[in-house]
Amino acid sequence: MDQQWTPPEAPTGAALPAPPARGLVRKPGADAQRGLLHRGNGLLRTAWSRPIVRQLTRFTGVGIVCTLTSLALYALCRPWLGPQLANAIALIATSVMNTSLNRRFTFRIRERRGLAQDHFNGLVAMGVALLLTSGSLLVLLWVNPLAGVAVELWTTTIAGWVATAVRFSLLRHWIFRRARNA
C-alpha cells in the first residue's frame, strides 16, 4: 500500500511530481485564462494611467447625471412653455451644474481662482449645445410638426451627444486647459 506513484515516462531515479489530488482537476487552458486576466488588468491599469481616460470616465458620470436632470426639466417645462423654451431652460440650468461638476470631479479643480471665468466659458460651451439641440428641434418640427414629446426627447438627446463631444473638447483644451493632466 505504501507504493510510490510514478508516471510511465519518468526516468528511474528522477524527482517525481506529486500525484494529482482528488477533486482538484485542472481545466485545460486555466493558466492561459489567468494570464489573459492578468494582462487585462495590466491594460486597464495602463489605460487608467492616461489622464484623458480618467477624465473621459469622470466626464461620462457627470454627463449621465446632467442628461437625466436636463431630460426631467425638459419634460416638466414642455407642457407649459413649448419645446424651444423648455429646451433652453433645461440646458441653461444644467449647464451651470455641469460646469461645476466637471470643474470639481473631471478636472479636479477645487480652488476658487478662475471660478467666474470658468462658468462664463462654460456658458459659451452651452451656447454650442443650445444651437445644436435647438437646431435639431427646429428641423424635427419642420419635418414633423406633430412629433410627440418622446420624439423630441430622442432628438435633443442625440443632438446632445454631439454637443457633449464638442463640450468635452472645449472643456479640456480651452476652459480647463490648466488641469489637462488631472
Side-chain angles (χ1 to χ4, degrees), residues 43-182:
L43 289 174
L44 184 61
R45 198 172 306 117
T46 300
W48 193 251
S49 70
R50 300 184 192 293
I52 193 164
V53 173
R54 292 190 310 268
Q55 290 169 351
L56 279 169
T57 303
R58 294 187 299 248
F59 181 81
T60 300
V62 168
I64 289 169
V65 169
C66 291
T67 298
L68 292 175
T69 305
S70 181
L71 291 174
L73 283 172
Y74 179 86
L76 286 171
C77 294
R78 167 65 174 87
W80 294 280
L81 304 175
Q84 293 293 357
L85 192 54
N87 179 54
I89 287 173
L91 271 176
I92 291 167
T94 56
S95 177
V96 173
M97 180 175 84
N98 186 286
T99 301
S100 292
L101 291 174
N102 276 312
R103 187 177 200 275
R104 172 99 176 162
F105 296 111
T106 304
F107 295 98
R108 306 282 188 191
I109 298 173
R110 289 176 172 76
E111 62 196 21
R112 298 196 49 83
R113 183 178 56 87
L115 180 68
Q117 184 67 47
D118 289 344
H119 276 284
F120 176 76
N121 293 345
L123 287 174
V124 171
M126 184 273 312
V128 172
L130 186 60
L131 278 171
L132 288 167
T133 56
S134 294
S136 68
L137 275 174
L138 247 163
V139 170
L140 171 69
L141 295 174
W142 179 64
V143 170
N144 182 3
L146 301 175
V149 175
V151 176
E152 291 172 357
L153 285 172
W154 273 110
T155 302
T156 56
T157 300
I158 293 167
W161 291 339
V162 173
T164 297
V166 172
R167 183 173 180 81
F168 180 77
S169 184
L170 288 172
L171 288 173
R172 188 164 200 274
H173 297 289
W174 175 47
I175 300 170
F176 302 127
R177 68 182 168 275
R178 66 188 180 276
R180 249 168 92 176
N181 294 322

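Here the CH2-CD1 distance, from Trp80 to Ile89, works out to 12.0 Å after rounding to the nearest 0.5 Å. For the atom pair Gln55 CD and Phe176 CZ, the distance stands at 10.5 Å (nearest 0.5 Å). Here the straight-line distance linking atom CZ of Arg50 with atom CG of Leu56 works out to 13.0 Å at 0.5 Å rounding. The distance from the CG atom of Leu141 to the OG1 atom of Thr155 is 8.0 Å, given to the nearest 0.5 Å. Atom-to-atom distance recorded for Leu71:CG and Glu152:CD is 12.0 Å, nearest 0.5 angstrom. Atom-to-atom distance recorded for Leu115:CG and Ile109:CD1 is 10.0 Å, nearest 0.5 angstrom.
Between Cys66 and Leu101 the shortest side-chain heavy-atom distance falls below 4.5 Å. At least one side-chain heavy atom of Leu91 sits less than 4.5 Å from a side-chain heavy atom of Thr133. Between Ser136 and Ile158 the shortest side-chain heavy-atom distance does not fall below 4.5 Å. Inter-residue side-chain proximity for Thr99 and Met126 is flagged as unmet; no heavy-atom pair is nearer than 4.5 Å. Side-chain atoms of Phe59 and Leu171, non-hydrogen and from C-beta on, do get closer than 4.5 Å to each other. Residues Val128 and Arg167 have side chains not in contact (no heavy-atom distance under 4.5 Å, counting atoms from C-beta outward). Within the 4.5 Å cutoff, no side-chain heavy atoms of Thr106 are placed close to those of Arg54.
Classified by interplanar angle (parallel below 30°, tilted 30° to 60°, perpendicular above 60°), the ring pair Trp161/Trp154 is perpendicular.
Ala93 and Leu73 make their closest contact through CB-CD1, 3.9 Å (heavy atoms, listed as atom of the first residue, atom of the second, distance). Residues Ile175 and Ala125 share a closest heavy-atom pair of CD1-CB, 4.3 Å. Of all heavy-atom pairs between Ile52 and Arg172, the closest is CB-NH2, 3.8 Å. Across every non-hydrogen atom of Pro83 and Leu137, the tightest pair is O-CD1, 3.8 Å. Of all non-hydrogen atoms in Leu85 and Leu81, the two that sit nearest each other are CB-O, 3.6 Å. Between Pro79 and Leu76 the shortest heavy-atom distance is CD-O, 3.5 Å.
Environment of CZ in Arg110: crowded, with over 12 heavy atoms of neighbouring residues, nucleotides or ligands closer than 6.0 Å.
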Exercise for review: Carefully, step by step, assess Asn102 and Arg58 under the rule side chain to side chain donor-acceptor pair (under 3.5 Å).
Suggested key: CA-CA 8 Å; Asn102 276 312; Arg58 294 187 299 248; over 6 Å; no
**Study point:** His119 vs Ser100, side chain to side chain donor-acceptor pair (under 3.5 Å): CA-CA, chis, key distance, verdict
**Key:** CA-CA 8 Å; His119 276 284; Ser100 292; 3.3 Å; yes
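Neither side chain, Arg78 nor Asn87, offers a donor N or O lying under 3.5 Å from an acceptor on the other.
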